[in-house]
Structure formats: structure tokens, C-alpha cells
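Side chains are part of it too, since the values below use all heavy atoms of this structure and drop only hydrogens, waters and symmetry mates.
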Amino acid sequence: MDKPPFHPLLLLIVGVISISTSAIFVKLAGDAPSSIIAFYRLALAVIIMAPYVFFKHAPDLKHISRKDWVWASVSGIFLALHFILWFESLNYTSVASSVVLVSMQPIFAFIGTFLFFKERFSAGAVLSMIIAITGSVIISWGDFQISGMALYGDLLALGGAVMVTGYFLVGQSLRKRLSMTSYTFIVYLVASITLLGYNLALQVPFGGYSGSQWLIYAALAIIPTFFGHSLFNWSLRWISASKISMSILLEPIGAAVLAFIILGEGISWAQWLGGSIVIFGLMLFIISTKKMMKPKLTHHPTDS
């Protein structure tokens with residue numbers, strides 16, 4: 001197809017709104033354990049994907065090497081840990097702080113590629129990282145003034161950003177050999193199994209949740225996952241990776257607006273200032289590292 005079935009701008013708007021709902025749904029899940037929310041989000045996504053994967057991509061799965069299965073499994077474990085930490089952070093800090101801090105993943109990814117793949121830092125990348133980190137410090141300082149537990153939530157969100165960075169770095173080379181669908185399905189499957197084991201070990205109940213909570217689990221599996229990040233991946237056919245990267249940076253803004261409307265969460269001056277600085281720093285970072293964005297996005301099924 002020479003043209004997308006919908007205007008590219010519409011694709012980006014739908015994608016941004018969809019990924020912005022993730023933190024809202026987690027908050028609306030109420031007293032449901034974070035690890036259970038993460039488990040059902042991924043498990044239901046696997047169930048939804050399974051018929052298509054086995055019908056269309058069964059031959060691909062059969063020809064994946066043992067080494068690639070191992071590394072894809074490691075990637076899935078990182079994704080599971082990302083969801084545990086990020087979803088748990090929302091029990092302690094605000095949607096605005098949590099989503100902004102977990103969005104700092106590109107910074108951690110660039111540091112990781114420098115340490116493990118010897119990627120070189122440009123002056124622009126260094127400056128943008130300093131700006132983004134400064135913004136995160138302002139957010140954390142402001143949250144600490146409110147509550148020590150809010151700062152704890154901020155640290156969990158940063159831990160979630162580190163885990164999703166591990167997921168990206170492990171999957172970076174795999175995505176050159178595996179199709180997006182096959183890779184995503186394996187990662188979701190392994191992450192689900194990891195979360196299953198985690199919940200069993202902690203004896204977290206898998207049942208006894210309300211009807212509204214089950215609807216939230218299903219909504220998380222569909223809206224931010226398939227109408228969010230999967231839509232971004234699909235739209236790479238018509239929209240540049242750098243534009244999509246910039247669009248994803250609107251997630252903290254969208255999430256904060258939805259949190260204000262739906263949850264009644266206000267935004268402090270530190271969150272406004274720090275969040276604006278973080279987003280500005282990340283925008284500069286993407287501009288200065290454009291050539292790195294496409295590999296990262298093409299295997300970005302969900303970090304939110």
C-alpha cells in the first residue's frame with residue numbers, strides 16, 4: 001500500500017491516547033495487586049494473539065534457534081519486571097510523576113548501548129541527558145516534600161525504566177532476525193509465565209476480583225497494547241521513527257490530563273516544571289540520536 005488506510009496524524013492521536021490510558025487503568029483497578037494486573041494484561045494479550053500467531057507464523061516459531069529462544073525469554077523476564085515495578089509505583093506516587101519517570105527509558109537505553117555496545121555519545125546527547133535527569137530530580141524532590149512514600153514510588157518508576165531498558169537492549173539484535181509478531185508473542189508469553197510464577201510464589205490470589213477489575217484487565221490487554229504500541233509499530237510503514245518517538249513523549253501529558261479528569265489528581269509545581277524539563281530533554285535526545293530510534297521502536301510492544 002502506498003498510503004495508509006487512515007491519515008497518519010489520526011494514527012498518532014489514537015496511539016498516544018491509547019498508551020496514555022495504561023496508568024489510569026492500573027489506578028482504577030483499586031486494590032488488585034500490581035503483579036496480578038501485569039499478569040492478566042500480558043496473559044490476555046497472549047490469548048488474543050495466539051490464533052493469529054499459530055495460523056500465520058507457526059513456521060517462523062519452528063525455525064527460531066535455541067539461542068534466540070533463550071535471549072527472547074530473558075527479554076520477557078525483563079518486561080515482566082518492568083510491569084511489576086512500574087505498576088507498583090502507581091500505588092505510591094501520582095500518575096504524572098510515574099509516567100514521566102518511566103518515560104526516561106531512552107536515556108537508560110543510550111547509557112546501556114554505550115556500556116555494552118560501545119555506542120559513542122554526542123555532545124547533544126550528553127546535554128539532553130543532563131536536562132532530562134535534572135527534570136527527574138525536580139520531580140523527585142517535589143514528591144519528597146509531599147511524602148517519603150511518593151519518593152519511593154518515583155524510585156520504583158525509575159526501576160521500571162531500567163528494566164524496560166534491559167528488555168530493549170536484549171531484544172535489539174533479536175529483532176533483526178525475528179519478525180515483530182513472533183518476537184512480541186514470545187516475549188509476552190515468557191513475561192506471562194514469569195508473572196505467573198511470581199504470583200504463585202507470593203501466593204497472590206488469581207481470583208475473587210470484581211467484574212469491573214476483570215474489564216480493566218481486558219482493557220489493558222487491548223487498548224494501550226494493541227491500539228497503542230502495536231499501532232505505532234504498524235504505522236512505521238508510513239511514519240518516520242523519529243516522529244513516532246516524539247509522539248510517545250506526549251504520553252505523560254495525556255496520562256496527566258486523564259488522571260486529572262478521571263481520578264481528580266492535581267499536578268504540583270514540581271511535577272509541572274520537572275515534567276516539562278524531562279520531556280524537553282527527551283525531545284532533544286531523540287533529535288540528536290535519530291538514527292538510533294528505529295531499532296528501538298520496532299520491538300517496542302509496550303513499556304506502558
Can you name the closest pair of heavy atoms from L101 and A161 and give their distance? O-CB, 3.9 Å
Please walk me through it: do L263 and L28 pass side-chain contact (heavy atoms from CB on, under 4.5 Å)? CA-CA 8 Å; L263 305 175; L28 290 174; 3.6 Å; yes
List the atom of P252, the atom of V100, and the distance in Å for their closest heavy-atom pair. CB-CG2, 3.5 Å
Donor-acceptor check, side chain of S182 to backbone of L178, threshold 3.5 angstrom: yes or no? no
Hphob cluster co-occupancy, I261 + I24, side-chain heavy atoms under 4.5 angstrom: yes
Report the hydrophobic cluster partners of I267, with the cluster defined as I, L, V, M, F, W, Y residues connected by side-chain heavy atoms closer than 4.5 angstrom, directly or transitively. W272
Applying side-chain hydrogen bond (donor to acceptor under 3.5 Å, both in side chains), name anything that partners T165, two or more places apart in sequence or on another chain. none
For F280, enumerate each residue passing the ring-ring contact (aromatic ring centres under 6.0 Å, His included) test, keeping only those at least two apart in sequence or located in another chain. none
Under the side-chain contact (heavy atoms from CB on, under 4.5 Å) test, which residues partner V14, sequence neighbours left out? L10, S18, L231
Under the rule for side-chain contact (heavy atoms from CB on, under 4.5 Å), what residues qualify as partners of V162, not counting sequence neighbours? F108
How would you list all residue pairs meeting ring pair (Phe, Tyr, Trp, His ring centres under 6.0 Å) that involve residues 19-39, not counting sequence neighbours? F39-F206
If a pair satisfies salt bridge (charged side-chain N to carboxylate O under 4.0 Å, His left out) and one of its residues is in residues 262-283, list it, with sequence neighbours excluded. K27-E265
Among residues at least two apart in sequence or on other chains, which ones pass ring-ring contact (aromatic ring centres under 6.0 Å, His included) with W214? Y40, Y217
If you group Ile, Leu, Val, Met, Phe, Trp and Tyr by side-chain heavy-atom gaps below 4.5 Å, do M283 and L250 land in one group? yes
Pick one: which of I36, L42, L81 meets side chain to side chain contact (heavy atoms under 4.5 Å, CB included) with L195? L42
Donor-acceptor pair, T93 side chain versus G153 backbone, under 3.5 Å? no
Decide whether I216 and I262 are clustered together by the hydrophobic rule: side chain heavy atoms of Ile, Leu, Val, Met, Phe, Trp, Tyr closer than 4.5 Å, transitively. yes
Suppose we screen for ring-ring contact (aromatic ring centres under 6.0 Å, His included). Which residues come up paired with Y52, at least two apart in sequence or across chains? H57
For the residue pair S89 / D154, report whether a side-chain donor-acceptor contact shorter than 3.5 Å exists. no
Residues which pass side-chain hydrogen bond (donor to acceptor under 3.5 Å, both in side chains) with S136, listed by chain and number, not counting sequence neighbours: none
Assigning hydrophobic clusters by single linkage (Ile, Leu, Val, Met, Phe, Trp, Tyr; side-chain heavy-atom cutoff under 4.5 Å), is I139 placed with I253? yes
Answer with yes or no whether the hydrophobic clustering places Y209 together with I47; edges join I, L, V, M, F, W, Y residues whose side-chain heavy atoms lie under 4.5 Å apart. yes
Heavy-atom closest contact (P224 atom, A219 atom, distance): CD-O, 3.3 Å
Any side-chain donor-acceptor pair under 3.5 Å between R177 and S65? no
Using side-chain heavy atoms (C-beta onward) and a distance below 4.5 Å, is Q213 in contact with I37? no
Tell me whether S268 contacts the main-chain N or O of G142 through its side chain, where contact means a donor paired with an acceptor under 3.5 Å. no
Let's go through T181 and S179 carefully: what are the C-alpha distance in whole Å and the side-chain angles of both, what is the deciding distance for side-chain hydrogen bond (donor to acceptor under 3.5 Å, both in side chains) to 0.1 Å, and is it a yes or a no? CA-CA 5 Å; T181 301; S179 69; 5.1 Å; no
Heavy-atom count check: over 12 atoms from other residues, nucleotides or ligands less than 6.0 Å from F227 CZ? no
Is a side-chain donor-acceptor pair under 3.5 Å present for S75 with Y183? yes
No-hydrogen, no-angle side-chain donor-acceptor test under 3.5 Å, S94 and Q271: yes
Apply ring-ring contact (aromatic ring centres under 6.0 Å, His included) to Y198 and list each qualifying residue two or more places apart in sequence or on a separate chain. none
Quick one: side-chain hydrogen bond (donor to acceptor under 3.5 Å, both in side chains) partners of T194, sequence neighbours excluded? none
